[in-house]
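So the structure is just underneath, and the comments pick up after that.
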Amino acid sequence: MTPRTALSAAATPPWRLARSAWPWRSLGYLAAGLVPAALPMALLFGIELLRPGRTALIGLLVAALLVVVAAGPLIAGFDRRRLRLVDTRPLPARPPLRLREPGTWREIGYAVLSACVAWWLDLAVVLLSLLPPLMLISAPLQPSGPGAELPASPWFTGMLCAAGLVLLPLTAYPITAWAGARAAIARAVLAPTDTDLVEVMRSRERLAAGFDSERRRIERDLHDGAQQRLVALSVTLGLARLQVADVHPVAPLLDDARQQTAAALAELRELIRGVHPQVLSDRGLAAAIRDIAGRSPVPVELDLRLDGRLPAPVEVTAYFAVNEALANLARHSSAAAGRVAAWTQDRRLVLEVQDDGAGGADPARGTGLTGLADRAAAVGGRLLLASPPGGPTLLRVELPCER
Amino acid sequence: MRALRVVLAEDSVLLREGLTSLLRHFGHEVAAAVGDAAALREQVPLLRPDIVVTDVRMPPGFSDEGLRAALALRAELPDLPILVLSQYVEQTYAAELIDAGRSAGTGYLLKDRVGEVSEFVDGLVRVADGHTVIDPEVVRQLLDRRRDPLHRLTPREREVLGLVAEGRSNAAIARRLVVTEAAVAKHIAGILAKLDLPPAADDHRRVLAVLAYLRG
């Protein structure tokens, strides 16, 4: 893959790096860093020329600092442009230039740093990298003769010169790596990525919340519609059956219809519970977990230290996590006993589902665990799983929970 | 069978009509049929019915208003028999209801049971007579669990306790299981001993045994 930044280019093999444009681009990037340095340089020259008194000197320094601060956004703009030399990834849009905007102050701080300190480091790195090979290359031009440090054998100076030429391509490494590191800092300061991540997180939260409210709507529609009609139907059928003698040919048909209605009601009840459990919205997470544990064919011990209600998205996510975990436990673990623990700690809800089963649970094999991890991630939480072959399995879900 | 005065709370018009005609068919009187919990709370103290039949979920919130109204009525009128109809096999609700009062009849039935009209009305009368009637489905779910202290019960004892939870008398249980009444009494004594319920007023201990199931 072609590297997109100087930093990743520095990780390519030497023959590729030396032949690529990256060392030259890096050099250009670092050299361009000298442009903002013009300000402090001018200041130094000014001081040297004017030799001001102490008050004038302080005044001059303050004025210079003000100029750098004022030029901050300009310097930052310049830095964003020169970043393209060593980082081809697109940058997010620049924040508006306002005094209240934190981005503006970050830019100014960066400009001060860039103009006063960073260029000096850049220069030092470039010079120190280039110095040894350049010295060697220049060996034939060095003064020779009696009193000189090196013996003036042309054969020897030729050797040194050749060694310098061999070393020269290697300077591509420190220069490219340094330019890459500088660019990474510039990017981190000028275009911090957490703003768009927050946006992504929010959209995932919105999706998850939308999904939940849709589930509630479906549950309500089923409960108030189909379920009530079926119950009313079974009442009507029951009354009809009372009017008919047991020996009447219609009687078995009515009995059959009643049985089918009852079966449909039972199925519908399970379906509705899977869509959205009413006890969760009415009585909260602890009651809902007790309810799932009560349904589990494998005996489940509970250790719930939850008081009061938690935010609805957290409760829903936690509920479906326990539901899925206990379903897996019953289906795959061949465990004899399970344990569910839940507590809040450091503004987090922690859920643990353990069993003494065969272990070897693998998120890659089924969609259940990955779905669970996705659900947890959507509310900013995470899912941890320890399930060595031979067991036991421990599933831990952590959800951020502001109360 | 005596005729009961019933106050009925159910928000679905369809089902309210169905239940009303069902109760009338069996000779009971529907003193009021209301559609929300507030009306239920208002009507019951005025009408003083023999039994209240209420849905769990009702307007305005469509959560558990019916159950909350039942619990509030239980606090006001401790002797009032209450039968709660629910679409949910939730032991939380049933346990809360039984917990609220052990002197008066209490029932928690799934709405599905309404279709078994004779059984439903039979359960209604038993609740009005002061018994505890828990839906077989809820009981079955509780019996499915093998958990302390219930796992110490033998399968037969669990079966008997299930029937006790449905509010049946020893005689009825004996008929159902085709055993003698003495055998049933022996099973129940075994259950009470295993659930660690020391001898006291007999009926009370039966309810405590059912509660032990509900709480797990």
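Below, chains carry the letters A, B, ... as their sequence lines are ordered, and counting in each starts from 1.
For the residue pair A:Ser234/A:Thr261, the side-chain donor-acceptor check at 3.5 Å is not satisfied. No donor-acceptor contact under 3.5 angstrom links the side chains of B:Lys111 and A:Gln227, judged on distance only.
The part of A:Gln243 that comes within reach of chain B is its side chain, from C-beta onward, which places non-hydrogen atoms under 4.5 angstrom from that chain. Contacts between A:Arg229 and chain B at a heavy-atom distance below 4.5 Å involve backbone atoms as well as side-chain atoms. Heavy atoms of A:Leu230 lying under 4.5 Å from chain B are absent altogether. Heavy atoms of A:Leu239 lying under 4.5 Å from chain B belong to its backbone as well as its side chain.
Ranked by non-hydrogen atom pairs under 4.5 Å with chain A, the options B:Glu116, B:Arg68, B:Glu10, B:Arg57 are led by B:Arg57. Of all the listed residues (A:Arg220, A:Arg241, A:Gln228), the one sharing the greatest number of non-hydrogen pairs under 4.5 Å with chain B is A:Gln228. Ranked by heavy-atom pairs under 4.5 Å with chain A, the list B:Val114, B:Asp64, B:Leu15 is led by B:Asp64.
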Worksheet item: Under the side-chain hydrogen bond (donor to acceptor under 3.5 Å, both in side chains) criterion, do B:Thr106 and B:Arg74 qualify, and how do the steps go?
Response: CA-CA 10 Å; B:Thr106 304; B:Arg74 174 70 21 118; 2.9 Å; yes
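One finds a salt bridge joining A:Glu315 and A:Arg309 here, because a Lys/Arg side-chain nitrogen approaches an Asp/Glu carboxylate oxygen to under 4.0 Å. With respect to the salt-bridge test (charged N to carboxylate O, under 4.0 angstrom), the residues B:Glu96 and A:Arg283 qualify.
When each of A:Asp255, A:Asp256, A:Leu254 is tested with A:Arg258 by the rule side chain to side chain contact (heavy atoms under 4.5 Å, CB included), just one qualifies, namely A:Asp255.
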